[in-house]
Amino acid sequence: MRDRDSELRLADVLVRTADTLTDDFDVERYLQWLADRCVELLDGQSAGVMYTGGKGGVRLISSSGQPIRVRDLLAVQHRGGPCVESFGTGRPVPPVRLDDAKARWPAFAARAVRYGVAKTYAVPMRRQDSTLGVLNVFVPVTRRSGACEREFRIASVLAHGAAVGLANQRAHAECRTLSEQLQTALDSRIRVEQAKGALAERWGTGVDEAFEALRHYARHEQQAIDQVAVQVIKGSISDTALQHGKSGPC
């Protein structure tokens, strides 16, 4: 990240981390893109994300390069590793030499060294008090301490940007779901009102009596009142059936 082109590229990536309010948003595709950008910008061997969003439990997402190795490195961390540690504390795990981490994370360190990883670090994607996931970067050779620390800080910035993007996307999805539910309820109410009005006019009664007939019929036939209202509007229920709570042709 020394020249102007690299700085502009980082700025572009940060902008794109916030671009999550799209109809075709796919969280796994987004996180793989994020992992790929970490490899590109941080000179990593590979990168992966351990993500807990949604109802699918923990998901392991790898960068495009060496996906089997990355998933293996993420999966073995159920016995201890930088991702699990960062999840547990909500704090980043600074760069660690794998040769020095054999006692700390024995299974993970052995597997990582076998794959040619010299250092690793992990940063949480955290929004307010919630950790949405952890970004884990694997470094192939021992870098100068200053360079690795600088890249670690950049990774932290990327993880924060992704956390904002993911939190916004979740809020957007929840709002869309609520809006759809409210629209469904409104449409149902309109149909019931239409059916009540049609029956009241046809029978020469008040809308309350018409509504009671709808409700009684729905209960008798074990149907939602909205379904009954649709049938009334279509004319597929006879007045006799409605008035006596029994189905029958018009």
Side-chain angles (χ1 to χ4, degrees), residues 1-3 6-7 9-10 13-14 17 31-53 57-127 129-163 166:
M1 304 305 301
R2 297 175 183 174
D3 55 43
S6 295
E7 292 173 355
R9 178 59 177 150
L10 175 59
V13 170
L14 285 172
T17 60
L31 292 174
Q32 183 179 65
W33 169 84
L34 176 68
D36 284 343
R37 299 293 72 75
C38 285
V39 174
E40 172 194 347
L41 295 170
L42 308 177
D43 295 328
Q45 179 194 76
S46 54
V49 177
M50 192 175 288
Y51 180 67
T52 59
V58 176
R59 285 186 270 183
L60 309 179
I61 295 106
S62 73
S63 53
S64 299
Q66 304 178 332
I68 296 175
R69 287 189 177 189
V70 175
R71 290 194 184 96
D72 190 28
L73 287 172
L74 295 174
V76 77
Q77 293 189 48
H78 75 279
R79 299 162 66 182
C83 278
V84 172
E85 189 170 305
S86 184
F87 258 122
T89 64
R91 298 176 181 177
V93 175
V96 179
R97 287 174 52 90
L98 272 304
D99 287 339
D100 300 332
K102 293 179 180 178
R104 184 177 181 182
W105 311 311
F108 168 75
R111 192 76 54 88
V113 169
R114 189 161 75 237
Y115 286 148
V117 178
K119 278 187 177 183
T120 189
Y121 50 88
V123 288
M125 295 184 295
R126 191 168 175 82
R127 187 64 174 162
D129 295 327
S130 177
T131 300
L132 308 180
V134 175
L135 173 64
N136 200 177
V137 179
F138 307 106
V139 182
V141 294
T142 302
R143 307 286 303 281
R144 289 184 298 103
S145 178
C148 205
E149 288 295 333
R150 181 172 59 251
E151 289 161 1
F152 170 67
R153 291 197 298 271
I154 293 171
S156 298
V157 172
L158 292 174
H160 177 71
L166 289 169

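All residue numbers in this chain count up from 1 along the given sequence.
With hydrogens and angles disregarded, no donor-acceptor distance shorter than 3.5 Å links the side chain of N136 to the backbone of G48. Judged by distance alone, the side chain of T52 and the main-chain N or O of L132 form a donor-acceptor pair under 3.5 Å. At least one donor-acceptor pair under 3.5 Å links the side chain of T120 to the backbone N or O of V137.
Using a cut-off of 4.0 Å between Lys/Arg side-chain N and Asp/Glu carboxylate O, E85 and R104 are scored as salt-bridged.
Y51 and L166 get closest at one heavy-atom pair: CE1-CD1, 3.9 Å. Between S63 and V70, the shortest heavy-atom distance links the atoms OG-CG2, 4.2 Å. Across P140 and G44, no two heavy atoms sit closer than the pair CD-C, 4.0 Å. The two residues V134 and A122 make their nearest non-hydrogen contact at CG1-CB, 3.7 Å. Counting all heavy atoms, side chain and backbone alike, E149 lies closest to P95 at OE2-CD, 3.9 Å. Taking all atoms of both residues into account, the shortest heavy-atom contact from L135 to A155 is CD2-O, 4.1 Å.
Between L10 atom CG and E40 atom CD the span is 10.0 Å, to the nearest 0.5 Å. From Q45, atom CD reaches atom CG of L73 across 8.0 Å, with rounding to the nearest 0.5 Å. Taken from CD in Q66 to OG in S46, the straight-line distance is 5.5 Å, to the nearest 0.5 Å. Within the model, atoms CG of L14 and CZ of R37 stand 12.5 Å from one another, a figure rounded to the nearest 0.5 Å. Between the CG atom of L31 and the CD1 atom of I61 there is a distance of 5.0 Å, given to the nearest 0.5 Å. Taken from OG in S64 to CD in Q32, the straight-line distance is 4.0 Å, to the nearest 0.5 Å.
By the 4.5 Å heavy-atom criterion applied to side chains, F138 and L98 are not counted as neighbours. Side-chain contact check for M125 versus T131: every heavy-atom pair is 4.5 Å or farther apart. Using a 4.5 Å heavy-atom threshold, the side chains of V84 and W105 count as separate. Contact check for S86 versus R91: no side-chain heavy atoms found under the 4.5 Å cut-off. Here the side chains of C38 and L158 are in contact, with some heavy-atom distance below 4.5 Å. Residues V96 and K119 are not in side-chain contact: their nearest non-hydrogen atoms beyond the backbone lie 4.5 Å or more apart. Looking only at side-chain heavy atoms (C-beta outward), V117 and V139 stay at 4.5 Å or farther from each other. Looking at P92 and P124, their side chains come closer than 4.5 Å, going by heavy atoms from C-beta outward.
Residues satisfying the side-chain hydrogen bond (donor to acceptor under 3.5 Å, both in side chains) criterion with S130, sequence neighbours excluded, are absent altogether.
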Carefully, step by step, assess F87 and V58 under the rule side chain to side chain contact (heavy atoms under 4.5 Å, CB included). CA-CA 11 Å; F87 258 122; V58 176; 5.7 Å; no
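Ring geometry for Y121 against F152 counts as perpendicular: the plane angle is over 60°, on a 0 to 90° scale with 30° as the lower cut.
For R114, the CZ atom sits in a packed shell: over 12 heavy atoms of surrounding residues, nucleotides or ligands are nearer than 6.0 Å.
None of Q77, R79, H78, K102 except one satisfies the side-chain contact (heavy atoms from CB on, under 4.5 Å) rule with F108; the exception is Q77.
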